[in-house]
Amino acid sequence: MRNKSSQIRSTVSIRVLQVVVGIAFLILLGRVIQLQLIEYDTYNPISQRNSIRQEFISPARGLVYDRHGQLIVDNQPTFTITITPLNFNRESIPLLSEITGYTQEEIEERLLTARRYSWHRSSRLFTEVSFEVFSKIQENLWRMPGIGHQIEGIRNYPTTVNGSHIFGYLREVNLNEIQRNPSYRLGDKAGRSGIEQTYEDYLRGELGTQYVTVNAFGQEINQFDSGRHNEPPLKGSDIHTTLDVELQTLAEYLMKGKVGGLVAMDPQTGGILAMVSAPDFDINMLAGRIDVAYWRQVNSDSLTPLFNRAITSIQPPGSTFKPLMGLIGLEMNIITPQTNVFCSGGYYRGRLYRCTAQHGNQNLEQSIKNSCNTFYFWMMNHIAQRGGINVWKDMVDDFGLGERTGIDIPNETRGIIPDSSYFNRAFGVNRWGIGDLINLGVGQGAMGASPLQMAVATSVIANGGYRVQPHIVRSISHADGSSEFNNTAKEQIPWIKPGPLNLVQRGMRAAVKDGSGRHYANLRDVEVAGKTGTAQNPHGENHGWFITYAPYDDPKIAIAVLIEQGGFGSTSAAPIAGLLMEQFFYGEIRRPWIIDQVIRRPAAPAAPRTTTTQTTQATID
């Protein structure tokens, strides 16, 4: 009886177990049907993400050419190691550290940064790794899920041109920039100065995407769906500049060991032919991953090589301002072409404002040739007596001084051209007078200009009274074959008339032919016009200036050179401009001994970046 009862219970238990297993199987089958059929559209994308990885392909950055079509900036291939945090196992960190040479703490920090960016997207972990490291990573990918690799590019400069302040450098974008601009990814680089910054949106191109099938270790198996869903990257647009490689190379060489700035431009179009700021920095050292020691050295250098003196150094223009004063004086009816001012060695107005010599009677043309201070002290005194300081300031601004020129690289400064409001702020209302203004007539006192501004002003005189827009980029060529051109228009200065302009031009031609510019700037086969300047500097040696253009009758080039604490402009700045003229017109240097003089000339310490108010100093030449 007992056996029968036990048998019955066993049978019931088996039946119950069978029912339970059957129900569980039916539930499982139903769930499978639900996931695979009923809710396919919902869960299929999730499964795709688990087996298919989206990868971004960096575009090649746009190339840069000079005005003759010579390649001056391109890209050099480099190896990058990537990480997808979701697939990465932290137990791989010791192996990764062993292969790459980075400490485990550094890897942990980079992993944390990558996670903040995205758990699911791959991002750069190490850039510019050696081929040896890259090869070892490839060999050990199966041991490090989530680790990948790609080939990218860093900037390369194939010519002798350094061009650090023209081209600029690239730096990695930060998380804030990524959040503001979703087109950037972690590890992407963007222009931080020069044309790399200004034309960043054109140069960087557009990301490509590819979808790859991966295994459980996150390793790539093949292209998903034979690559049908991939989108290739769009190459960055190419930049065609107005630069002349040979001229730029020579300009950089001549400015070695100097402190100052130089600009050479086409006076008809505003295209920059050469631009140098000295000292500069080695752009190759900042082309890829930053060299921390070099970066610290550059930033701690008292001569501030990152500071672009060609567009931001504001120094008194000295006697190079006199041609502008001549045009202004004629327009304001302070002088006429027949006006003569007697120079006995200076001008007395409460005190003696000294000249460089006793020039005797001087008209405008002679005063430019001989750089007679007395003529311009006298003229500025009469402008001040008439209460014409504000009119004077507006007319100076028309030449491009006292305001930004709008050149297509960042960080340009305005310069200083004072008016009555300026003096009211500096000295107090009714607490300044004529004595504070007289030195403005010779490019001294409370005023300052950059080499770029003086090059623009020189172009106005050279081209017949038109203000041009200085620019480095002439055109942009897009990947689709289309192009954009920098169509900068001339702006005529209405009050500059041919007669007065011709008078000033003759004075500048005489200054090079028979005056202080004759030793270095006067060429045998090309008529050159120009003006030297030596501006007083209360902080050390005087600053040397030279402005010039040529040919005299049909100008093709205008140059402004500033050598801070260089002494006389006729011996510090004029030789450099003269050699650049030779290179531009002859394609070679015919007076090599001048190069030796320029290079051997001792360097001077840096001058302050901004002017100070000077009301009693006079220009020297």
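The heavy-atom pair separating Pro316 from Ala535 by the smallest distance is O-CB, 3.3 Å. The two residues Glu177 and Val173 have their closest heavy-atom pair at OE1-CA, 3.1 Å. Across Val504 and Pro323, no two heavy atoms sit closer than the pair CG1-CB, 3.6 Å. Closest approach of Pro59 and Gly205 over heavy atoms only: CG-C, 3.9 Å. Looking at every heavy atom in both residues, Leu286 comes nearest to Arg171 through O-NH1, 3.8 Å. Closest non-hydrogen pair, Gln565 versus Glu541, comes out as OE1-N, 3.4 Å.
Looking only at distances, a side-chain donor or acceptor of Thr242 sits under 3.5 Å from a matching main-chain atom of Ile272. Judged by distance alone, the side chain of Asn162 and the main-chain N or O of Ile283 form a donor-acceptor pair under 3.5 Å. Counting only distance, with no hydrogens or angles, the side chain of Gln453 and the backbone of Arg414 share a donor-acceptor pair below 3.5 Å. For the pair Thr320 (side chain) and Gly533 (backbone), a donor-acceptor distance under 3.5 Å is absent. Checking side-chain atoms of Glu200 against main-chain N and O of Gly191 turns up a donor-acceptor pair under 3.5 Å. A distance-only check finds a donor-acceptor pair linking the side chain of Glu412 to the backbone of Thr405 [under 3.5 Å]. At distances below 3.5 Å, at least one donor-acceptor pair connects side-chain atoms of Tyr294 with backbone N or O atoms of Asp282. Using a distance-only test at 3.5 Å, with no hydrogens or angles considered, no donor-acceptor pair links the side chain of Asp244 to the main chain of Leu273. Between the Ser367 side chain and the Leu364 main chain, a donor and an acceptor come within less than 3.5 Å of each other. Gln444 contributes a side-chain N or O that, together with a main-chain N or O of Gln536, makes up a donor-acceptor pair within less than 3.5 Å.
Note that OH of Tyr253 is 10.5 Å distant from CG of Leu579, once rounded to the nearest 0.5 Å. Annotation: the span from Lys531 atom NZ to Met508 atom CE amounts to 9.0 Å, rounded to 0.5 Å. One distance of note links CD1 of Ile389 with CG of Leu437; it measures 5.0 Å at 0.5 Å rounding. Taken to the nearest 0.5 Å, the NZ atom of Lys258 stands 14.0 Å off from the OG atom of Ser277. Here the OG1 atom belonging to Thr532 is positioned 10.0 Å from the CZ atom belonging to Arg518, to the nearest 0.5 angstrom. Summarising the geometry, atom CG belonging to Asp394 is positioned 6.0 Å from atom CG belonging to Asp397; distances are rounded to the nearest 0.5 Å.
Other residues, nucleotides and ligands contribute more than 12 heavy atoms inside 6.0 Å of the CZ atom of Phe585. For Lys513, the NZ atom is loosely surrounded, since the number of other residues' heavy atoms within 6.0 Å does not exceed 12. The 12-atom threshold is not exceeded at OH of Tyr466, counting heavy atoms of other residues, nucleotides or ligands nearer than 6.0 Å.
Across Glu527, Arg509, Gln505, a single residue satisfies side-chain contact (heavy atoms from CB on, under 4.5 Å) together with Asp553, and that is Glu527. Of the candidates Leu243, Ile407, Leu262, Met275 forms a side-chain contact (heavy atoms from CB on, under 4.5 Å) with just one, namely Ile407.
The shortest distance between side-chain heavy atoms of Val468 and Gln268 does not fall below 4.5 Å. With contacts defined as side-chain heavy-atom distances shorter than 4.5 Å, the pair Gln597/Pro575 does not qualify. Within the 4.5 Å cutoff, the side chain of Arg309 has no heavy atoms near those of the Pro451 side chain. In this structure, Ile72 and Thr241 have side chains that are in contact, with non-hydrogen atoms separated by less than 4.5 Å. Between Asn299 and Leu306, the closest side-chain pair of non-hydrogen atoms falls below 4.5 Å. At least one side-chain heavy atom of Asn75 sits under 4.5 Å from a side-chain heavy atom of Leu63. Residues Asn370 and Phe375 fail the side-chain proximity criterion, which asks for heavy atoms closer than 4.5 Å. For the pair Ile416/Tyr422, a side-chain contact is recorded, criterion being any heavy-atom separation below 4.5 Å from C-beta on.
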Given Leu247 and Ile557, is the side-chain contact (heavy atoms from CB on, under 4.5 Å) satisfied, shown in steps? CA-CA 11 Å; Leu247 199 67; Ile557 184 172; 4.1 Å; yes
Given Val64 and Arg155, is the side-chain contact (heavy atoms from CB on, under 4.5 Å) satisfied, shown in steps? CA-CA 10 Å; Val64 182; Arg155 280 315 213 188; 4.3 Å; yes
Could you walk me through whether Glu365 and Arg506 pass the salt bridge (charged side-chain N to carboxylate O under 4.0 Å, His left out) check? CA-CA 7 Å; Glu365 184 177 341; Arg506 292 204 307 267; 3.3 Å; yes
The test is side-chain contact (heavy atoms from CB on, under 4.5 Å); show your working for Ile154 and Leu170 and say whether it passes. CA-CA 9 Å; Ile154 60 173; Leu170 307 177; over 6 Å; no
Under the side-chain contact (heavy atoms from CB on, under 4.5 Å) criterion, do Trp392 and Ile328 qualify, and how do the steps go? CA-CA 7 Å; Trp392 171 87; Ile328 293 172; 4.0 Å; yes
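Judged by distance alone, the side chains of Ser313 and Glu564 do bring a donor and an acceptor atom under 3.5 Å apart. Looking only at atom types and distance, the side chain of Tyr520 has no donor-acceptor partner in the side chain of Arg591 under 3.5 Å away. Between Asn411 and Asn308, the side chains place no donor N or O within less than 3.5 Å of an acceptor N or O (distance only, hydrogens not considered). There is no side-chain donor-acceptor pair under 3.5 Å between Arg180 and Asn176. In the model, Glu484 has a side-chain atom that pairs as donor or acceptor with a side-chain atom of His478 under 3.5 Å. Side-chain N/O atoms of Ser420 and Lys393 include no donor and acceptor closer than 3.5 Å.
In this structure, Arg67 does not pair ionically with Asp266, as no charged nitrogen and carboxylate oxygen lie closer than 4.0 Å.
Considering only residues two or more places apart in sequence or on other chains, Tyr65 meets the ring pair (Phe, Tyr, Trp, His ring centres under 6.0 Å) condition with His240.
Classified by interplanar angle (parallel below 30°, tilted 30° to 60°, perpendicular above 60°), the ring pair Tyr202/Tyr199 is tilted.
Ring centroids of His165 and Phe281 are separated by less than 6.0 Å, placing the two rings close together.
By the 6.0 Å and 45° rule, Arg204 stacks over the aromatic ring of Tyr184.
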